[in-house]
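First the structure, in the form of structure tokens, and then the observations on it.
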Amino acid sequence: MTAKITIKKTFGAILRSASLAAVTSAGLVSGVQASEVEVLHWWTSGGEAKALGTLKSTLESQGVDWKDMPVAGGGGSSAMTVLRSRVMSGNAPTAVQMLGFDILDWGEQGVTADLNDLARAEGWDQVVPKALQKFAKINGQWISAPVNVHSTNWVWGNKAVLDKVGIAVPENWNDFIHAMRKVKAAGYVPLAHGGQAWQDATVFDGVVMATGGIDFYRKALVDLDQNALSSDTMKEVFERMRQLRGLVDDNYPGRDWNLASAMVINGEAAFQMMGDWAKGEFLNAGKTPGDDFVCFRTPGTQGTVTFNADQFAMFEVGRDRQDAQVKMAKAVLSPEFQIAFNTVKGSVPARTDVSDEAFDACGKKAIGDLKEAVASDSLVGSLAHGHAAPAAVKNAFYDVITAHFNGDMSAADAVKQLAASVKNAS
Ligand code: GAL
């Protein structure tokens with residue numbers, strides 16, 4: 001523990017002197033103009049790019065230019081690797097798409113901006129959900145602007161395929177498996193999936209919740225309780241992951257998530273278990289909820305929400321670039337932008353005072369589910385997307401989940417490895 005703290009401090013000191021160099025020669029080091037924001041993100045799919053376009057145009061209408069820095073890969077692991085090297089060389093972007101514990105980690109390094117004046121003027125404390133504020137502030141200081149609230153315990157289904165095969169929206173796990181077996185027998189791919197660690201983990205979020213419920217999810221994935229991690233319930237979680245493995249097609253390894261969404265969109269597959277950014281792909285393809293596709297909570301997780309909120313963490317930049325940065329942070333949390341962006345992205349507003357009027361049926365459900373989950377204390381952070389545990393622990397989960405899903409490890413061995421790796425990483 002002591003060693004860990006020392007390393008962190010040293011790293012923080014290096015970063016501070018590096019960012020000081022960036023401040024003194026801001027324009028030279030970054031190559032970013034005063035009226036420009038340089039934004040690092042992983043929104044590269046059709047739906048994501050379209051949603052991000054609403055921010056670009058909002059800012060451009062205010063005289064702020066956009067310097068795009070996309071790094072593909074859901075969950076943001078690749079983007080975070082690029083970010084580390086940028087900050088280490090004293091050249092941090094203006095704003096970085098970031099999730100949960102990663103924001104707090106960067107905040108602790110002392111290289112993030114202070115948004116408190118803006119937050120006070122805009123009343124962020126009053127309108128941003130508490131669950132998001134927890135990840136947007138460090139020692140009471142706002143460092144990041146929340147963009148949205150997504151959640152991972154969703155399933156997306158092709159309506160025509162379900163009608164043809166004659167299956168209704170499944171209510172519980174066994175019905176879901178039964179429905180997918182029927183789909184397989186009818187010649188469709190039951191579950192569209194991409195074998196990438198973060199996608200396997202996204203499915204895992206829902207399976208843990210469906211199998212053990214909210215208390216178990218909290219004990220195992222948030223409290224990292226060894227008994228929960230090595231329990232029979234966790235063994236059942238891995239057995240269910242194995243059931244799902246038998247319902248994906250042969251070409252699933254490495255497939256991007258949006259290509260898996262496309263399989264459901266074009267009727268090759270019946271279902272995808274994915275966060276509601278998948279809805280952005282359906283909408284981008286001109287599809288309508290209810291008519292062309294259905295959205296429902298992972299069977300067995302109704303009433304709970306495993307949330308994942310994108311934020312733009314703001315980094316310390318030279319004085320000349322602060323004005324553009326503040327304009328961006330302000331725009332991100334404006335009610336107009338929250339509606340324009342989230343209706344396209346598939347997420348719901350990061351403010352509690354925005355009406356659901358402009359949202360489609362799935363969006364209205366998402367907003368309602370979120371409210372209910374807050375009221376019944378059934379809102380919990382997504383492990384897959386960095387809101388349940390810090391990156392080192394998340395990665396320990398990723399390794400075991402993906403080794404089990406893509407190999408022939410038994411559920412009993414997976415549970416043993418999981419408990420050991422998590423202990424090691426925490
Ligand atoms: C998540 C992110 C979402 C989404 C997804 C796939 O980590 O929070 O906004 O776009 O990755 O890229």
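For ligands, and for the atoms within them, numbers begin at 1 and follow the listed sequence. Everything numeric in this text was worked out from a predicted model, so none of it was measured.
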Could you pull out every N or O of ligand 1 that sits under 3.5 Å from a protein N or O, with the distance for each pair?
residue, atom, partner, partner atom, Å
ligand 1, 7 (O), Trp42, NE1, 3.3
ligand 1, 7 (O), Gly75, N, 2.9
ligand 1, 7 (O), His385, ND1, 2.9
ligand 1, 8 (O), Asn308, ND2, 2.9
ligand 1, 8 (O), Asp310, OD1, 2.6
ligand 1, 8 (O), Asp310, OD2, 3.3
ligand 1, 9 (O), Trp43, NE1, 3.0
ligand 1, 9 (O), Asp310, OD1, 3.3
ligand 1, 9 (O), Asp310, OD2, 2.6
ligand 1, 9 (O), Lys345, NZ, 2.8
ligand 1, 10 (O), Trp43, NE1, 3.2
ligand 1, 10 (O), Glu48, OE2, 2.3
ligand 1, 10 (O), Lys345, NZ, 3.0
ligand 1, 11 (O), Trp42, NE1, 3.1
ligand 1, 11 (O), Gly75, N, 3.4
ligand 1, 12 (O), Glu48, OE2, 2.6

Is the NZ atom of Lys56 crowded by more than 12 outside heavy atoms at less than 6.0 Å?
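Check passes, neighbour count above 12.
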
Report the relative orientation of the aromatic rings in Phe312 and Trp43; use parallel for angles under 30°, tilted for 30 to 60°, perpendicular for over 60°.
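It falls in the perpendicular class, over 60°.
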
What class does the angle between the rings of Phe204 and Phe238 fall in, given that below 30° is parallel, 30 to 60° is tilted and above 60° is perpendicular?
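Geometry flag for Phe238 against Phe204: tilted rings.
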
Return a table of donor-acceptor pairs under 3.5 angstrom between the side chains of residues 274-282 and protein atoms on other chains or two or more places apart.
residue, atom, partner, partner atom, Å
Asp276, OD1, His150, ND1, 2.6
Asp276, OD1, Ser151, N, 3.1
Asp276, OD2, Trp154, NE1, 3.0
Lys279, NZ, Asp360, OD1, 2.9
Lys279, NZ, Asp360, OD2, 3.3
Glu281, OE2, Ser45, OG, 2.6
Glu281, OE2, Gly47, N, 2.9

In terms of side-chain heavy atoms, does Trp124 have a donor or acceptor partner in Glu122 at a distance below 3.5 Å?
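Checked: Trp124/Glu122 side chains show no N/O donor-acceptor pair below 3.5 Å.
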
Does Asn153 offer a backbone N or O that forms a donor-acceptor pair with the side chain of Thr306 under 3.5 Å?
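Yes, because the side chain of Thr306 sits within donor-acceptor range (under 3.5 Å) of the backbone of Asn153.
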
